[in-house]
Amino acid sequence: MLGTTEILIIAAVVLILFGAGAIPRFARSLGKAKKEFEKGLKEGMEGKAEAEEDKSEAEKKEARKTD
């Protein structure tokens, strides 16, 4: 686990290497990436739920055919 001192050192090095202008761009990029990731997760969960519903409906139809 990183402590406060290590985080400050890393932040200082990043600031020196990339400059102050790069930090907001990086933060925006992280925000966009997070939104896209969450969107993908949501779509994946919806697709999984639809697949499970289709599977259960198919099983019900199959059960009706055998009765």
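In this structure, the separation between NZ on Lys42 and CZ on Phe37 is 15.0 Å, given to the nearest 0.5 Å. The structure places CD of Glu46 at 13.5 Å from NZ of Lys48, a figure rounded to the nearest 0.5 Å.
Leu15 and Ile9 sit in two unconnected hydrophobic clusters of ILVMFWY residues. Membership requires side-chain heavy atoms under 4.5 Å apart, directly or through other members. Val13 and Ile23 are not part of a single hydrophobic cluster, where members link through side-chain heavy atoms under 4.5 Å apart. Connection of Ile7 to Leu17 is established within a shared hydrophobic cluster, with ILVMFWY side chains joined at heavy-atom distances below 4.5 Å, either directly or through further cluster members.
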Q | Verdict with supporting geometry, Glu36 and Lys32, side chain to side chain contact (heavy atoms under 4.5 Å, CB included) | A | CA-CA 6 Å; Glu36 288 294 320; Lys32 288 179 183 178; 5.6 Å; no

Q: Report the C-alpha separation of Glu38 and Lys34 in whole Å, then their side-chain angles, then the decisive distance to 0.1 Å, and conclude whether the salt bridge (Lys or Arg N to Asp or Glu O under 4.0 Å) test is met.
A: CA-CA 6 Å; Glu38 289 174 349; Lys34 181 182 176 232; 3.6 Å; yes

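In this structure, the side chain of Glu6 engages the main chain of Gly3 through a donor-acceptor pair within 3.5 Å.
Ala20 approaches Pro24 most closely through the heavy-atom pair O-CD, 3.1 Å.
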